[in-house]
Amino acid sequence: MPARPLIAVTGANGFVGSWLCGYLSQQGLDVHGFVRETSDVARLRGIDITLSKGNERELLQKLTFLKPDVVILADWNGV
C-alpha cells in the first residue's frame with residue numbers, strides 16, 4: 001500500500017491555514033503544519049496534524065528535510 005501524500009501547510013494556525021489542515025486531515029492525508037514559535041495554535045485543537053513551531057529559518061530547514069509532496073503557503077505577515 002503506498003504511503004499517504006504528505007501535505008505541508010505554512011501558517012497552519014491562521015483562519016485559512018487551520019481550515020485547510022482540518023479539511024485535508026479529514027480526507028485522510030498526512031498533514032504537517034508550520035507556525036511561528038510565538039503563534040497561538042488554539043484553532044488547531046482537535047485536528048490530527050503534526051505541528052512544527054519555529055522561526056523562518058528553522059521551519060525552512062524542517063520543510064527541506066521533510067520533502068513534502070505538496071506545500072500550501074497560507075502564511076503572511078501583517079493585518
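In this text, all values refer to a predicted model and were calculated from it rather than measured experimentally.
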If you look at every heavy atom in Gly33 and Ala12, which pair is closest and at what distance? CA-CB, 3.7 Å
Looking at every heavy atom in both Leu63 and Val71, which two are closest together, and how far apart are they? CD1-CG2, 4.2 Å
Calculate, to the nearest 0.5 Å, the distance between atoms CD1 and CG belonging to Ile49 and Leu29 respectively. 12.5 Å
Could you work out, with side chain to side chain donor-acceptor pair (under 3.5 Å) as the rule, every residue matching Asp75, not counting sequence neighbours? Thr10
Check against side chain to side chain contact (heavy atoms under 4.5 Å, CB included), Val16 and Trp76: CA-CA 11 Å; Val16 172; Trp76 65 301; over 6 Å; no
Residues pairing under side-chain hydrogen bond (donor to acceptor under 3.5 Å, both in side chains) where one sits in residues 16-28, two or more places apart or in two chains, turn out to be none
List the atom of Val9, the atom of Ala74, and the distance in Å for their closest heavy-atom pair. CG1-CB, 4.4 Å
Heavy-atom nearest pair, Leu51 first then Phe34, reads CD1-N, 4.5 Å
Minimal non-hydrogen separation, Leu59 against Arg36, with atom names: CD1-N, 4.4 Å
For Val70, the side chain to side chain contact (heavy atoms under 4.5 Å, CB included) test, sequence neighbours excluded, returns Ile7, Ile72
Determine whether Leu6 and Leu73 fall in the same hydrophobic cluster, where Ile, Leu, Val, Met, Phe, Trp and Tyr are linked whenever their side-chain heavy atoms lie under 4.5 Å apart. yes
So which pairs with a foot in residues 43-63 pass side-chain hydrogen bond (donor to acceptor under 3.5 Å, both in side chains), sequence neighbours left out? His32-Ser52
Scan residues 35-70 for pairs that pass ring-ring contact (aromatic ring centres under 6.0 Å, His included), counting only residues two or more places apart or in two chains. none
